[in-house]
Amino acid sequence: MRLFSSLSLVLLMLMAIRSLNLAESPSSDTATLLFQNQMTAITSSDYEQFVNHSDTAFRQAFTQEQFTALSKALSGSFASGYETVNLGVLRQDGLLIHLWKVTPHQADTDYLVKMALRDDTIAGFWIQ
């Protein structure tokens, strides 16, 4: 009887995880494409591409000068390629915060990237 209870619990947990993944899939797919776009914009120093899918507040807050400094600081690390791992999604203040670990091929430092989305539009982008 105990084995049946344990198996039932595992099955219920798997079903719950599957339904959560299905519920987040469309937004996660969009987030992945937006994330890849942002990383490409940084490595190619393309400010317009970087702000293309962002909301008005983000565009006003993040200037071309700030982007140029960011791109200069990081494009060398990312130019030789990098690996990414999606760490998950947080819900904060009406935003979905997508998290990635970015490991450049030619650097000793991993980066944590946070991208805030509101209705599939970028409301924030941070690299730590």
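Just so you know, residue 1 is the first one in the sequence shown, and it goes up from there.
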### Task
Evaluate the side-chain proximity of Ser44 to Gln49: yes if any heavy-atom separation is below 4.5 Å, no if none is.
yes

### Message
Taking the side chain as everything from C-beta on, heavy atoms only, tell me whether Phe125 gets closer than 4.5 Å to Leu34.
### Response
no

### Asn86 and Leu99, any side-chain heavy atoms less than 4.5 Å apart
no

### Query
Quick one: side chain to side chain contact (heavy atoms under 4.5 Å, CB included) partners of Thr68, sequence neighbours excluded?
Gln64, Lys72

### Task
Could you check Ile127, Leu90, Ile97, Leu87 and say which one makes a side chain to side chain contact (heavy atoms under 4.5 Å, CB included) with Lys114?
Ile97

## Note on the structure
Across all chains, not counting sequence neighbours, the ring-ring contact (aromatic ring centres under 6.0 Å, His included) partners of Phe35 are Trp100

### Task
Sequence neighbours left out, what pairs pass salt bridge (Lys or Arg N to Asp or Glu O under 4.0 Å) with at least one residue falling in residues 93-112?
Lys101-Asp110

### Task
Answer yes if the ring centres of Phe78 and Tyr111 are under 6.0 angstrom apart, and no otherwise.
yes

### Task
Could you list the residues that satisfy salt bridge (charged side-chain N to carboxylate O under 4.0 Å, His left out) with Arg118, not counting sequence neighbours?
Asp55

## Note on the structure
Between Ser80 and His105 the two heavy atoms that sit nearest each other are O-ND1, 3.3 Å

## Note on the structure
The remaining residues in the hydrophobic cluster of Leu33, counting side-chain heavy-atom contacts under 4.5 Å among Ile, Leu, Val, Met, Phe, Trp and Tyr, are none

### Task
Could you pull out all residues at least two apart from Phe67 that satisfy ring-ring contact (aromatic ring centres under 6.0 Å, His included)?
Tyr47, Phe50

### Query
Does any N or O in the side chain of Arg91 come within less than 3.5 Å of the main-chain N or O of Leu96, such that one atom is a donor and the other an acceptor?
no

